[in-house]
Amino acid sequence: MKPGSRSSVVSLSLALGAMAPCCHVHKAWADAPSSGEAAEKTVPYSVTIQPTKNAEVDAAIQASSQLQTLKTTHAVGPYALAGRIRADYDRVDTALQSQGYYAGTVTIRIKVGSQDLDGRDPALPDALEALPKDGKVSITVSATMGPLFHLGRITLTTPPPTAAQPSDAVAKAPSPQGSAAPTTSKAQTADKMGVPETTGGTATQGEPVELTADELKAFKLKSGQPAVASDVLAAQGNLLTQLQEEGYAVADVSTPLAYLQPHDNTLDVVFRVGKGPKVVIGPVGMDGLQRVHQSFLRRRLTIKEGELYQPSKIEAARQDLASVGVFSSVQVHNAPPIVTLGPGKTLVPGVFQAMPVDFDFKEAKRRTVAVQAGYSTDLGGRAGVTWTHHNLLGNAEQLKLTALLTGLGGSAQQGLGYDVYADFSKPDFLHKNQNLSLRVEAVRQLLYSYHQTAFILRGGIGRRLGKFWYVSGGLMGMQEQIQQFGDTRSYFIVSAPLSATYDSTQLSNPIDPATHGIRASLSASPSVSLENATSFFTLLSAQVSTYFDLARIGLTKPGKSVIAVRGTIGSVQGASTYQIPPDQRLYAGGPATVRGFRYQGVGPQYGNTKYAIGGTSLDAGTVEFRQRLPMNLGVAAFVDAGQVGTGSRPGQGTLRVGYGAGVRYFTPIGPIRVDVALPMNRPAYGDKWELYIGLGETF
């Protein structure tokens, strides 16, 4: 667009649209073969876009030029190619405008055989038609940016009282200086970009709109800043969002109408701002429920009728209802018309008008079946199936039945075992975000360290505290029989496990690899062992892991290269090693502590054998580097170290170090992990290497 008048109308919305296909009328005829053209004849060409030495402008031109984007995917004939060339003048010009260059020029030169033609030359189509089959067409696109325009006067007014509100992106508005009289060339340009041509005179003005401090902070636009279309359009959206957050549910901020002022290289912009009435949340409707009880959802709802209407809080309520886990989708929308509440129902003094809100639910399948499998050289293979009912009693109660076969080979196993359990969970038990969990479990495992057959009952209550914390407490009873080193004993153990976890990784899917944040857990389990030499003891443990993305120091792109660090400590208080049942002792080795050593392969051993005794203290640490690769692949390298001691203070025992590497294949449900680890200081009868296969990262 070239300056040709004192004040000219331009469309910022379409200037920004230069980053995507536009000018659909041109494309419709430009890329269609003419009636006299043989459908099979196409003209291949090469295109060169000369750089402007401005990275943002170059990127906009590259994205907007159909000569570039359609070169290899949409071959056309000579007349259609000529139309595509002519259309690129407007596209590239619009790309310049989107970055604030409204007085730039676009030049397109076409070399057809030995001829060198301008892109607007009327002889171009015939020259392309006469080109022999082996002829070459070379196109060069160049742009001169001209001066950078800055924002001039920024005007905000109410919509004219007699004018209909625009339903599209462009509104007809007067120049802030009182008139808009574009020249013929400018009027043609405005018409080309979809802006209604003004013919002079003064259109009806609305009333000036004054913004509050918060609204100005959201709006951000200031006179004198570069007239970049994306910034101006962002101001429209930011102001609208702020107005709605203040309770103006039907607020409207028109797409700005811009006026070019070539005499001083500025752009004046006009926004039409209609606030409408300030409202509170009206009656809340819930549609689409079939088996989920509405009373359960209303108790959980985080918004109330009569509260100030704020889209952010309404969206947070939608996300909270969706997190219950029984819906495939949850949508929320306004349900006009606005209603009037009685004085006792509004929670905002002086505001009695209310916008009704409706939630639309689509319930997910109530029952699902999942299979699971894993393998490591120490614990062997494990495979099983889980059946889950996600809405047992209508309040999102979940019943999960799982049967696993374990000990399918493995250097730490002596035979097949099983793990069969039933889990029941009830959300919002007695309090929002407080869950009741119950488990009945039967387990048998034939480890080298001991053989165990046990029946377990446990129950507990967990509660989320704030955004990152989750605390839980409960009771557990276990009747078990343990055989170790030829000695078989029965135990009845009662414990009260307590735990607190912190997670700032903010992952919606816990299997996804973390790239930032901290995960930490603390647990204490006061226990009493009955039936065989009564003993009282407390198991204490703590684990913390953190993740550092190398993008934070500018070395890679976000999420590509991550260093993960993990530390673990454990201690048994109140009893020595042989005073507590073997399965309550501390062991190390395997992916949870020290890879490269088999499960329970780190710590005191029975004589000079591979049988682990266990201990009463543990400490372990891991450093792992994770690198994402193309084609959903990734690699990892790690070093683990840890030890188990017979005292209650961590830091005792023989330190064992393992190292290794692995590959990752990233799927929609999480990464498939394959790791190989080697021991650096292998004990007697220790494994020479370990292989681990599973879903998700180790931590």
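Nothing fancy with the numbering, it's 1 onward along the sequence. Everything numeric here is computed off the predicted structure, so don't read it as measured data.
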> How long is the straight-line distance from CG of Asp512 back to OG1 of Thr505, given to the nearest 0.5 Å?
9.5 Å

> Please assess Val544 against Thr546 for the test side-chain contact (heavy atoms from CB on, under 4.5 Å), listing each intermediate value before the final yes or no.
CA-CA 7 Å; Val544 61; Thr546 186; 5.8 Å; no

> For residues Ile281 and Lys304, determine if any side-chain heavy atom of one lies less than 4.5 Å from a side-chain heavy atom of the other.
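No - every pair of side-chain heavy atoms lies 4.5 Å or more apart.
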
> In sequence, state the C-alpha distance, the side-chain angles, and the governing distance for Glu624 and Arg566, and then conclude on salt bridge (charged side-chain N to carboxylate O under 4.0 Å, His left out).
CA-CA 9 Å; Glu624 182 167 298; Arg566 174 182 64 184; over 6 Å; no

> Return the CD to OG1 distance between Gln579 and Thr534, rounded to the nearest 0.5 Å.
11.5 Å

> For the residue pair Ile672 and Leu695, establish whether any side-chain heavy-atom pair is separated by less than 4.5 Å.
yes

> Should we say atom NZ of Lys610 is surrounded by more than 12 heavy atoms from elsewhere, each under 6.0 Å from it?
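Atom NZ in Lys610 is packed in, count exceeds 12.
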
> Within the structure provided, determine whether Asp549 and His516 are in side-chain contact (heavy-atom separation under 4.5 Å).
no

> Any side-chain heavy atom of Tyr611 sitting closer than 4.5 Å to one from Gln484?
no

> Enter the distance from Phe424:CZ to Lys400:NZ here, rounded to the nearest 0.5 Å.
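That separation rounds to 13.5 Å.
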
> If I take atom CG from residue Asn391 and atom CD from residue Gln398, how far apart are they, to the nearest 0.5 angstrom?
10.0 Å

> Tell me which pairs pass side-chain hydrogen bond (donor to acceptor under 3.5 Å, both in side chains) where either residue lies in residues 456-465, with sequence neighbours left out.
His431-Arg463

> Do you know which two heavy atoms are closest between Lys432 and Arg300, and how far apart they sit?
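Minimum heavy-atom contact is CE-O, 2.9 Å.
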
> Hey, does the side chain of Glu363 reach the backbone of Arg291 with a donor-acceptor pair shorter than 3.5 angstrom?
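Yes; at least one donor-acceptor contact below 3.5 Å.
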
> Is there a side-chain contact (heavy atoms from CB on, under 4.5 Å) between Val644 and Arg585? Walk through the geometry before answering.
CA-CA 10 Å; Val644 174; Arg585 301 170 191 168; over 6 Å; no

> Which pair of non-hydrogen atoms, one from Met680 and one from Phe597, has the smallest distance, and what is that distance?
N-CZ, 4.5 Å

> Would a 4.5 Å heavy-atom cut-off, applied to side chains only, mark Thr667 and Asn632 as touching?
no

> I need the minimum non-hydrogen distance between Tyr375 and Gly381, along with the two atoms involved.
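Closest heavy-atom pair between Tyr375 and Gly381: CD1-N, 3.6 Å.
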
> Is there a donor-acceptor pair under 3.5 Å between the side chain of Glu245 and the backbone N or O of Ser312?
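Checked: pair present.
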
> Name the orientation class of the two ring planes belonging to Phe361 and Phe359 (parallel below 30°, tilted from 30 to 60°, perpendicular beyond 60°).
parallel

> Do Leu379 and Gln413 have side-chain heavy atoms sitting under 4.5 Å apart?
yes

> So, does Gln605 use its side chain to make a donor-acceptor pair with the main chain of Gly603 at under 3.5 Å?
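Side chain of Gln605 to backbone of Gly603: a pair is present.
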
> With respect to Glu397, which candidate in His389, His390, Lys426 satisfies the side chain to side chain donor-acceptor pair (under 3.5 Å) definition?
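Between Glu397 and the candidates, side chain to side chain donor-acceptor pair (under 3.5 Å) is satisfied uniquely by Lys426.
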
> Keeping Asn395 on the side-chain end and Asp428 on the backbone end, is there a donor-acceptor pair under 3.5 Å?
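No, because the side chain of Asn395 does not come within donor-acceptor range (under 3.5 Å) of the backbone of Asp428.
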
> Taking the inter-plane angle between the rings of Tyr606 and Phe485 on a 0 to 90° scale, is it parallel (under 30°), tilted (30 to 60°) or perpendicular (over 60°)?
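Correct class here is parallel.
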
> Is it true that the side chains of Gln652 and Ser617 contain a donor and an acceptor less than 3.5 Å apart?
no

> Looking only at heavy atoms, what is the nearest atom pair of Val594 and Ala641, with distance?
CG2-C, 3.7 Å

> If you count heavy atoms of other groups shown closer than 6.0 angstrom to CZ of Arg318, is the number above 12?
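Buried by this count: over 12 neighbours within 6.0 Å.
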
> Checking side-chain contact (heavy atoms from CB on, under 4.5 Å) for the pair Ser411/Glu690: CA distance, chi angles, key distance, verdict?
CA-CA 9 Å; Ser411 59; Glu690 302 290 350; 4.3 Å; yes

> Between Gln643 and Thr654, does any side-chain donor sit less than 3.5 Å from a side-chain acceptor?
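On atom types as modelled, these side chains do not qualify, holding no pair under 3.5 Å.
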
> For the backbone of Ser648 and the side chain of Ser571, can you confirm whether one donor and one acceptor N or O come within less than 3.5 Å of each other?
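At least one qualifying donor-acceptor pair exists.
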
> Quick check against the 3.5 Å criterion: does Tyr692 have a side-chain atom that pairs as donor or acceptor with the backbone of Gly596?
yes

> Might you point out which heavy atoms bring Ile493 and Pro581 nearest each other, and give the distance in Å?
CD1-CG, 3.7 Å

> Using side-chain heavy atoms (C-beta onward) and a distance below 4.5 Å, is Ile482 in contact with Arg489?
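A side-chain contact is absent here, since even the closest heavy-atom pair is not under 4.5 Å.
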
> Looking at Phe455, I want to see if its CZ is surrounded by more than 12 non-hydrogen atoms of other residues, nucleotides or ligands under 6.0 Å.
yes

> Is it true that the NZ or CZ of Arg519 lies under 6.0 Å from the centre of Tyr470's six-membered ring and within 45 degrees of the ring axis?
no

> Please test Phe296 against Val324 for side-chain contact (heavy atoms from CB on, under 4.5 Å), starting from the C-alpha separation and ending with a verdict.
CA-CA 11 Å; Phe296 162 70; Val324 170; 3.9 Å; yes

> Considering residues at least two apart in sequence or located in another chain, which fulfil the ring-ring contact (aromatic ring centres under 6.0 Å, His included) criterion with Tyr418?
none

> Any idea which heavy atoms bring Leu446 and Leu416 closest together, and the distance?
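Nearest pair, atom of Leu446 first, then Leu416: CD1-O, 3.7 Å.
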
> Flag yes if more than 12 heavy atoms outside Lys313 fall under 6.0 Å of its NZ atom; otherwise flag no.
no

> Does the ring of Phe666 carry Arg628 above it, NZ/CZ under 6.0 angstrom from centre and within 45° of its axis?
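The answer is yes, since Arg628 meets both limits relative to Phe666.
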
